[in-house]
Number of protein chains: 2
Amino acid sequence: MAKRATITDVAKKAGVSVATVSRFFADSGYPVSKQAGSRIQSAARQLDYTPNVVGRMLKTNTSKDIGVIIPTIRNPFYPEVLLGIEKTAAARGYQILLCNSLRNIATEKKYIDSLYQKQVRGIIIAGADGSAAHYREMTLKGMQLLALDSDESGACCASIYYDYRKSGVIMARHLKEMGHINVAFVTSPLTKQSRKDILAGVAEVLDIRRENIIIDGTELETESGIYEYEMGRRLSSEVLALKARPTAVIAVNDITAAGVIKGLSESGIRVPEDMSVAGFDNIDLSAMISPPLTTVNQPGFETGALAADTLIDMIEGKETERINIEPELIKRASVSRIGGKKHE
Amino acid sequence: MAKRATITDVAKKAGVSVATVSRFFADSGYPVSKQAGSRIQSAARQLDYTPNVVGRMLKTNTSKDIGVIIPTIRNPFYPEVLLGIEKTAAARGYQILLCNSLRNIATEKKYIDSLYQKQVRGIIIAGADGSAAHYREMTLKGMQLLALDSDESGACCASIYYDYRKSGVIMARHLKEMGHINVAFVTSPLTKQSRKDILAGVAEVLDIRRENIIIDGTELETESGIYEYEMGRRLSSEVLALKARPTAVIAVNDITAAGVIKGLSESGIRVPEDMSVAGFDNIDLSAMISPPLTTVNQPGFETGALAADTLIDMIEGKETERINIEPELIKRASVSRIGGKKHE
DNA sequence: TTGTAGGCGTTATCAC
DNA sequence: GTGATAACGCCTACAA
C-alpha cells in the first residue's frame, strides 16, 4: 500500500500552490480559476487523492461527527430513531458515533468524555439518565447536548420532548369511546418522565383507581429485549387478581402489552373478547402478534430526524425551527367495544 | 466557554516540556518520573485538560474508530450484532461509526469513502452487497475490510462466515426426527449466500421437492421491518395450494416464519396442530408470538464480538485467533411431532 | 486569482 | 528521564 497522497503532492503535480488546492476542495466558494481547477482535478485523480479530514479537523476545530447515546439499540424503538437521525445527519454531512450506555451512568459518562476528546461538537442523548451535573459541565465546555425524552435534561441542556401526555390522553379517549370505564395501567417503574406522562394523560381522561395502577418492582434495561415482555406477562396475573376486574388494560409500551396479552391468554382470558389490551410505540412487533395491538404511534423516525436537525442547527449556530410531532392512534384488533352502544 | 487547554498549557503550568506531558498521557510505558507525573496530573486537573485525539490522530495516523456498515438496523438481527461489536470494541478502546446502507450500493460506497477520509482503518460490513471491485480498491489503499455474511466478499476481503448450512442441517434433522417428511421451504429471493446455504443444509437432510421451495418475487430491504412478515403471510397461501400439502414449513428466518404462522392461522390452519413452522435467527420476537417459534439461534452478539476482535487484530497487525460460532437449535411450540413415534 | 508561511495539538527523533 | 524541535495534513491571513 502506497503512502497516501497529500495536498502538497497534488499541488506539485498540478503546478499550483497548496493554498489553491485547498481552496478547490473546500466548498467555501472561494474563487479558483477554471484552468487551475481542472489541472488540480486531474492531478488529484491520478494520485488518487482525497482530503484528509483529520488535518482539516485539527485546523478548523470542527468535527462532522455527532454522538448518539441510547440505552440500548435492543429496545425496538431506537432503531427507528437512529435511522431518522442518520438520514438527516447524512443529508447535512454528518456521521454518527453510536454508543449504547446500557443505562449505566459510568458508561455514559465515559462515552461523553471520549466524544469530547474526539472533538465531537454535539451529542444526542436518548433516554438520558446520566447526572445533570455532568451534562452541565460538558455544555459549559462548549458541547451541544440534546436530550430526547428525558426528565432532568430540561434543567441542563436542550431537549426535544415528545408529548407523551397527549399520547395517554388519546389512548384513554379511545378506550372510553369503546365503553371501557374500569381500566388497569401496567408499567415498569415510573423512573422516566415519559412513563409518568403517559399515565398522567390516561388519568386525565379515565378515572383510574389506585389499585389499578400496577407497577413492576424492578428494572434492568441491560437485560434482553424480552424483559419487558416477561414483565407484562407476569403482571397480567395482578390484573386478574383485582377485586373489580377491569375490562381493559393499558400497558406503558407495546412490548409490555404483548406480554400482558400472552399472560392473559395463558390464564384463559381471550383478548379482546374478554379483556382489551393496548400499548404505546407502534413498533413492528405490534402488528405481528395476535391479536394485532391497538397502540399510539410514537414516530421514532421523525423524532430522530428532528433531533438531528436541531442538534446540527445548534452546532452550526443556526436558528432552530420548532416542529411538532403528533401522536397518532393506531386502531387494531386488541381493543373491542363493550357496553352495547355502537354509535359509530 | 474558555478555550481548551492544550498540552503546551499543561507543560507550562507543570514546569516541564511538552514532550514529558505527552509521554505522561500516552500509555506507551515511556518512563516519566513520579515527581513530574504528579505535577503534570495536578496541572492537567486545574486546567481541565484532556488530550486532543485529533492532534494525536494526525501525528500517528491512527484512528480509534471503526466503521460498521449494515443494511438496516431495523432488521432485528443487527442490534444484537452491533451490541457485540460495541462491547469488544469498547474494551479495546475503539468506537463505532454506524452506517445503514439500506442495501444501496451507492450509499455504501459513499460511506466507505467517507470513512476513508476520516482515516478510519477498518470497517465491518454486514450483509455486504457492494461491488467487489470497490472493496478490493479500498483494501489496496490499506483499509481493513471484514465482511460478515457475504457472498462475494471472500474474493476481495477478509470475512467471518457464519455456518448457515449447518443451521439448515440442524433444523432439518429436528423436523425429520419429529416425523416430518414433506416439508416446504419459504424464502425471500436467494440473493444472499446465507439464504442459499440454509436451503442447501436443509436439502442435505430432507428431500425437498422443487415445488415445495417457495421463493418470493421481490425484495425491498428499505421497507419497514414488517416487510418479510407480510411476505411470509402472503406466501403461506402458496404453501396451502401445494397438491401434496406439507406437514411443516421452514422459513428462511424468524420474521418470515411469523408471517407464515399468521397467514396459516388466517386460513384456519392451526400451528402446530395442523402444520408445523420453524425459522432461523432466534430474535426476540420469536419467543413472543403464538405459538412460540422453534428456531435456530444465530448468535448475533457473539458474531459481532468476534468480528470486532478480528477486525481490530487486523488493524493492529496481530494474529487473529479463529473461534467457531455454533448454531444451536431452540425448540419451542411451533413444531409438533407427527406420525405417532414418540421415542424420546 | 494565486502564493507564502504560520499554526492547529500531538508525537517522535534526537540530543543531553 | 528530560527537553527542543521537526513533522503530521490542512487552512487561512496576508501579501502579491
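Order of the sequence lines sets the chain letters (A, B, ...), proteins ahead of strands, with each chain counted from 1. A quick note: this is a predicted structure, and the numbers were derived from the prediction, not measured.
- Contacts of A/Ala26 with the nucleic acid, taken as non-hydrogen atoms under 4.0 Å apart, are absent.
- As judged by a 4.0 angstrom heavy-atom cut-off over every strand, B/Ser22 is placed among the base-contacting residues.
- A straight line from CZ of A/Arg56 to C1' of C/dT10 spans 20 Å, rounded to a whole angstrom.
- Between A/Lys12 atom NZ and D/dG9 atom P there is a gap of 12 Å when expressed in whole angstrom units.
- Both B/Thr6 and A/Pro31 sit near DNA chain C, but only A/Pro31 has its closest nucleotide nearer the 5' end.
- Looking at heavy-atom distances under 4.0 Å, B/Val32 makes contact with sugar-phosphate atoms alone, never a base.
- The listed nucleotides are D/dC11, C/dG9, D/dT5; the one nearest the side chain of B/Val18 is D/dT5.
- Taking atom CG of residue A/Asn52 and atom P of nucleotide C/dC8, one finds them 18 Å apart after rounding to whole Å.
- Within 4.0 Å (heavy atoms only), A/Tyr30 reaches at least one base atom of the nucleic acid.
- One finds the CE atom of B/Met314 at 7.0 Å from the OG1 atom of B/Thr320 (value rounded to the nearest 0.5 Å).
- Cation-pi geometry between A/Arg4 and B/Tyr116 is satisfied (NZ or CZ under 6.0 Å from the ring centre, within 45° of the ring normal).
- Residue A/Thr8 places no side-chain N or O under 4.0 Å from the OP1 or OP2 atom of D/dC10.
- One interatomic measurement links the two molecules: CE of A/Met57 to P of C/dT10, which rounds to 13 Å at whole-angstrom precision.
- Considering only side-chain N and O atoms, A/Ser17 lies under 4.0 angstrom from the phosphate OP1 or OP2 of C/dG3.
- Distance check: B/Gln95 CD to A/Leu115 CG gives 5.0 Å after rounding to the nearest 0.5 Å.
- Counting to the nearest Å, the P atom of C/dG9 and the CG atom of A/Asn61 are 7 Å from each other.
- For A/Phe25 and A/Tyr49, the ring centers are positioned less than 6.0 Å apart.
- Nucleic acid contact for A/Val16: sugar-phosphate only, since backbone atoms but no base atoms lie under 4.0 Å from a heavy atom of the residue.
- Both B/Gly55 and B/Ser33 lie near DNA chain D, and the one whose nearest nucleotide falls closer to the 5' end is B/Ser33.
- Candidate nucleotides D/dA4, D/dA13, D/dG9 were compared by shortest atom distance to the side chain of A/Arg23, and D/dA13 ranks first.
- Residue A/Gln119 contributes atom CD, which lies 19 Å from atom P of D/dG9 at whole-angstrom precision.
- As rounded to whole Å, 16 Å separates atom P of D/dT12 from atom CZ of A/Phe25.
- Not one side-chain nitrogen or oxygen of B/Thr60 sits closer than 4.0 Å to the OP1 or OP2 atom of C/dT11.
- Of all heavy-atom pairs between B/Asn100 and B/Tyr111, the closest is O-CE1, 3.6 Å.
- Rounded to an integer number of Å, the gap from CZ of A/Phe24 to P of D/dC10 is 14 Å.
- In this model, a donor atom of one side chain and an acceptor atom of the other lie less than 3.5 Å apart for A/Glu108 and A/Tyr135.
- Of the candidates C/dT11, D/dT2, C/dG7, C/dG7 carries the atom nearest the A/Lys59 side chain, counting heavy atoms from C-beta on.
- The residue B/Tyr49 sits close only to the backbone: its heavy atoms come under 4.0 Å of sugar-phosphate atoms, none of a base.
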